[in-house]
Amino acid sequence: MKKQAKMCPRETPVKNPRVISREIEGQTVLLNLESGEYFVLNSTAAVIWNAVGSKSYERIVGRVAEDYKIGKPAADEAVGQFVDQLLHEGLLCERAAE
Amino acid sequence: MNQSARPIERSILTDNRESFSASYQTGGAVTQVSATEERLVHSIDGFMGSSRLADGQGNHHISFRLATADRPVWAYTRPAEAGLLYACPFFKCWDLGHRRWLEVPGKALVCADLNDNIAFASIRSAPADSAWIIAHYVFYPLWTQMLKKTELYHLHAGCVGLDGKGLLLPGPSGCGKSTLSLNLVHHGFEFVSDDTVFLRSSGNRVIAEGFAENVKVSRETAALFSELAAVRNQAPDPARQKLEFDVAGVFDASIKGSAVPTAIIFPRFTRGGKTIIKPVTRAEALTLLFDYSMFMADPASSARHFEMLTGLVDKAACYEAEIGADNRASALMIRKVLEEVPA
């Protein structure tokens with residue numbers, strides 16, 4: 001199976017280039033082009049997904065804390081769990097060497 | 001119509017071995033099936049026969065070659081580094097780059113090159129009723145992947161038309177696609193396909209090309225339609241106990257080669273009660289379409305396939321339906337849905 005989560009530093013997740021996404025009427029649909037597996041993200045998850053790669057982990061946590069009016073520790077836990085899940089599903093991977 | 005009785009082209013190769021072949025057209029793509037034994041080509045011909053080309057030696061886009069395992073023409077070797085791409089109770093598929101390996105336990109080994117659009121299948125000696133397995137488990141899964149190279153994307157769906165509007169009916173095997181398609185045809189819709197379409201882009205439109213396979217129904221479904229009185233007296237095929245017929249020869253219906261889908265209904269039979277049709281979100285419709293498509297291709301083809309399906313849900317109105325036993329009422333409800341969606 002190609003679904004191998006590659007552990008990478010929490011602050012540097014990037015999207016798997018083999019994953020394609022499309023927002024349709026407020027829902028974000030992801031398709032892993034290699035495995036054919038697909039995922040539908042709710043609006044909170046879509047905020048995190050859209051920020052990955054362009055914002056630091058800390059800024060994503062700050063954005064979620066602000067948008068949902070929760071403390072940073074709670075936002076950190078929620079974002080961390082989601083990022084771990086994306087890594088596990090192979091939707092995120094290690095940042096490419098720069 | 002018994003297409004299997006049609007003669008298969010025979011030739012003698014340079015090493016004096018016999019080769020049998022036939023070619024088929026699907027949405028503009030030509031597939032040549034060749035084999036070391038005539039019965040192997042007949043297995044595919046029973047499935048594809050109505051799209052057979054009269055001249056079997058034209059230019060082809062896809063080549064599918066079959067041989068029996070006791071008279072091998074090539075060696076099957078699946079590299080250890082190939083990754084498992086797809087597994088179901090009937091077969092497994094592995095990939096490595098543009099190569100695919102498909103194994104049907106106890107029945108066949110197949111390898112395909114998606115760049116060259118060529119596949120080789122090694123078939124174990126098997127009784128005559130294995131024709132269905134050869135067509136559906138050995139040929140079909142990799143053939144649909146090779147068709148993507150010609151920009152034709154498989155979708156497990158029935159399709160009918162009405163006044164220039166197409167209606168897709170996607171769903172898994174046994175969900176009632178054929179029954180619903182025939183019910184709509186019985187009530188004046190045009191027939192495109194009852195089980196499979198191939199999607200292709202034309203400008204900014206998505207077109208559903210019908211698949212010329214004969215319709216196969218259970219005795220229970222055949223009993224629903226007066227047009228199928230004679231079909232009910234046929235012997236069912238031994239493998240699946242289905243009755244097979246050509247819609248054009250049985251129903252007084254207009255047959256269309258293709259349609260532009262303006263609506264999609266995901267049907268589910270309830271075996272009773274009244275038909276209920278309700279909208280589904282486009283995202284939900286997209287993921288349901290993923291379920292009825294086969295993504296076992298290279299990432300570039302899968303990306304185009306994804307775009308094709310998102311283009312489809314962008315343009316078509318999407319519904320799910322619980323189909324009740326009220327055949328006439330359900331046909332009228334679906335007609336109303338299709339009349340109300342913009343062309």
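Order of the sequence lines fixes the chain letters, A, B, ..., with proteins taken first and strands second; residue numbering starts at 1 for each chain.
Around atom CZ of Arg18(A), no more than 12 heavy atoms belonging to other residues, nucleotides or ligands sit under 6.0 Å away. Residue Arg304(B) places its CZ atom among more than 12 non-hydrogen atoms of other residues, nucleotides or ligands, all under 6.0 Å distant. A 6.0 Å sphere centred on CD of Glu339(B) holds more than 12 heavy atoms belonging to other residues, nucleotides or ligands. Counting non-hydrogen atoms of other residues, nucleotides and ligands closer than 6.0 Å to NZ of Lys92(B) gives a total of 12 or fewer.
Contact annotation: the side chain of Arg22(A) approaches that of Glu307(B) to within less than 4.5 Å [non-hydrogen atoms, C-beta and beyond]. Residues Val40(A) and Glu284(B) form no side-chain contact, since every pair of their non-hydrogen atoms from C-beta on lies 4.5 Å or further apart.
One distance of note links CG of Leu286(B) with CD of Glu25(A); it measures 11.0 Å at 0.5 Å rounding. If you take CG on Leu31(A) and CG on Leu309(B), they are separated by 9.0 Å, rounding to the nearest 0.5 Å. Annotation: the span from Asn32(A) atom CG to Phe306(B) atom CZ amounts to 11.5 Å, rounded to 0.5 Å.
Between Leu33(A) and Ala303(B), the shortest heavy-atom distance links the atoms CD2-N, 3.5 Å.
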